[in-house]
Chemist: 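Please read through the structure below; I'll follow up with questions.
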Amino acid sequence: MHLADIMALRRQVCAGLLVTTTDRCPLSCAHCSSASTLRGKDIESDQLLRFVGSFTAGERPDVVMLTGGEPLMRPDLVCAVAREARTAGTRTAVLTGAFFARGGRLPAPVREAARTVDHFSISLDAYHEREVSRADVFAVLKLLLKQGTDTSLHIVGTGPDDSYLEEVTTAVSGTFGADVPMLVSEVRPIGRARGWALALADADAGRATPCAMAAWPVVSVDGRISACCNQDVVDGRSTPDHLALGHIATDGWAAVHERARTRPLLRVIRTVGPLHLTARVRGELVPGSEPDYCTSCHRLGDEPAAANWASRIGTGPVGELLERTAIEQRASTGPVGLVTEYGSSRYAHLVDGRAAGTGATQP
Ligand code: SF4
């Protein structure tokens, strides 16, 4: 499964499921959004496999993305989830920091996990390179490509003018051509989705700025299922009711899908975004004194007028039509448009090197 095919699903409601398999990680990257250490928690394997077992051919996500912490500290669980998901037709991707790659190694359990999943993505940035060298990551990518695994790199820099981004993307393209697509984003103060969503925070609040990050449910390491991957929500520091979708111990995919799809407030967040919704119900926003994009979203539950407005426009066939129209408009820009909006616009084209027709150069 190509990176661009995964990103093309990112705006579609419940087309994907993100799962934090463990808080633990043997690396100590300075910018880590989840501040993982070796002493974190693991998700309950039985509960996760039961939840994935609730997928059916007609009621399932298209892709499950396994993250951490470091998901490949649990390669057996990665394989078990991928096999269980595939019985319903769901594909699986894994995002790793490649702790195992030191010395250019691909240990047998990791090799087996890479063969079992449908996409294998490695984080690469200045912080990771202090932990695992670029040469070792490139050596592992060559082994993965040789065994036919679809791979990509998730690359983070400090901004569009970061010289590291220019240098590393040139090195990857020169070595692998289009065989290793790149998702390039910019490091933000805290958290994955919060970082992406903050990119929209300066937007004119009167304009609709839908949140695509509320499209895929996210399973936290404690089994909670939330409507988005904002790190404060995933880690449980902020738990607004309107973003809570259930728990893997007690719910199945069909129930989670139904809640995510039909809850009016969520639908409106995905259709116009939290700032626009706040502006609509208050009449105006006070420049410079409003909370950021995600914080305004967390507070929507405290604004009864917001829930009322969402119920009026986000319910039933009308709400469904408004949301579908908003998603279709933005989806027409494809994976490159998504990364332009949420990641690094300068490097967005690298998410789908196939379009450029670059040939592979790796051995
Ligand atoms: S705006 Fe709301 S739904 Fe979107 S990422 Fe932020 S907290 Fe999550």
Side-chain angles (χ1 to χ4, degrees), residues 7 9-20 33-34 61 65 67 183 185-220 224-246 256-257 259-282 285 290-303 305-307 309-311 313-314 319 322-323 326-327 330-331 338-343:
M7 299 312 286
L9 297 168
R10 193 62 183 88
R11 294 182 199 272
Q12 307 298 327
V13 182
C14 289
L17 174 73
L18 288 152
V19 179
T20 308
S33 59
S34 51
M65 172 78 86
T67 69
L183 174 57
S185 37
E186 292 160 17
V187 74
R188 306 275 179 181
I190 177 171
R192 297 168 181 125
R194 185 170 182 192
W196 278 34
L198 278 172
L200 301 171
D202 295 333
D204 172 6
R207 192 166 58 87
T209 48
C211 180
M213 297 302 107
W216 289 11
V218 181
V219 178
S220 299
R224 283 177 303 110
I225 309 170
S226 308
C228 81
C229 55
N230 174 285
Q231 201 70 44
D232 286 339
V233 176
V234 173
D235 292 346
R237 287 185 293 274
S238 177
T239 53
D241 285 349
H242 61 283
L243 298 181
L245 293 176
V256 170
H257 183 193
R259 288 171 200 145
R261 194 178 64 78
T262 60
R263 196 175 283 171
L265 207 41
L266 277 180
R267 183 174 271 163
V268 171
I269 290 167
R270 292 189 301 254
T271 306
V272 300
L275 285 176
H276 180 80
L277 174 53
T278 307
R280 286 299 287 258
V281 297
R282 290 222 214 118
L285 293 182
E290 298 294 339
D292 67 39
Y293 189 81
C294 285
T295 306
S296 73
C297 178
H298 296 184
R299 294 183 185 169
L300 285 174
D302 303 330
E303 300 240 18
W309 194 77
S311 294
I313 73 147
L322 286 173
E323 179 174 21
I327 290 175
R330 284 182 141 76
L338 182 89
V339 183
T340 300
E341 195 177 340
Y342 287 96

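Each ligand, and each atom within it, is numbered from 1 in the order the structure gives.
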Chemist: Quick check on contacts: which atoms of ligand 1 are under 4.0 angstrom from a heavy atom of Cys228?
Modeler: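 Near Cys228, the atoms of ligand 1 are 3 (S), 5 (S), 7 (S), 8 (Fe).
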Chemist: N/O/S atom of Cys297 under 2.8 Å from atom 8 (Fe) of ligand 1, yes or no?
Modeler: no
Chemist: Considering only heavy atoms of Pro274, which atoms of ligand 1 have at least one such atom less than 4.0 Å away?
Modeler: 1 (S)
Chemist: Should you measure from each heavy atom of His298, which atoms of ligand 1 turn up under 4.0 Å away?
Modeler: 7 (S)
Chemist: Is it true that a side-chain atom of Arg259 and a backbone atom of Leu245 form a donor plus acceptor pair closer than 3.5 Å?
Modeler: yes
Chemist: Return yes when at least one N/O/S atom of Cys294 is nearer than 2.8 Å to atom 6 (Fe) of ligand 1, and no when none is.
Modeler: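 It does; at least one qualifying atom falls short of 2.8 Å.
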Chemist: First locate atom OG1 of Thr271, then atom CG of Leu266, and finally report the distance between them rounded to the nearest 0.5 Å.
Modeler: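 Thr271 atom OG1 to Leu266 atom CG measures 10.0 Å (nearest 0.5 Å).
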Chemist: Which atoms of ligand 1 sit under 4.0 Å from any heavy atom of Met213?
Modeler: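 So the atoms of ligand 1 that pass are 5 (S).
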Chemist: Quick check: does any side chain N or O of Tyr293 sit under 3.5 Å from a backbone N or O of Gly273, one acting as donor and the other as acceptor?
Modeler: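 Side chain of Tyr293 to backbone of Gly273, a donor-acceptor pair under 3.5 Å: no, none is there.
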Chemist: Identify, by atom number and element, the atoms of ligand 1 in contact range of Tyr293, meaning under 4.0 Å from any of its heavy atoms.
Modeler: 1 (S)
Chemist: Considering only heavy atoms from C-beta outward, does the side chain of Ser226 approach that of Arg224 to under 4.5 Å?
Modeler: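 They are in contact (side-chain heavy atoms under 4.5 Å apart), so the answer is yes.
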Chemist: Within ligand 1, which atoms have a heavy atom of Ala214 less than 4.0 Å away?
Modeler: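 Listed by number with element: 3 (S).
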Chemist: Restricting to non-hydrogen atoms, name the atom on Asp232 and the atom on His298 that form the minimum distance, rounded to 0.1 Å.
Modeler: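 For Asp232 versus His298, the nearest heavy atoms are CB-CE1, 4.3 Å.
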Chemist: Short question: side chain of Arg267, backbone of Gly314 - any donor-acceptor pair under 3.5 Å?
Modeler: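 Checked: pair present.
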Chemist: Is the side chain of Arg10 donor-acceptor paired with the backbone N or O of Ala215 at a distance under 3.5 Å, no angle test?
Modeler: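 The answer is no, because no donor-acceptor pair under 3.5 Å joins these two groups.
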Chemist: Determine whether any heavy atom of Ala227 lies closer than 4.0 Å to an atom of ligand 1.
Modeler: no
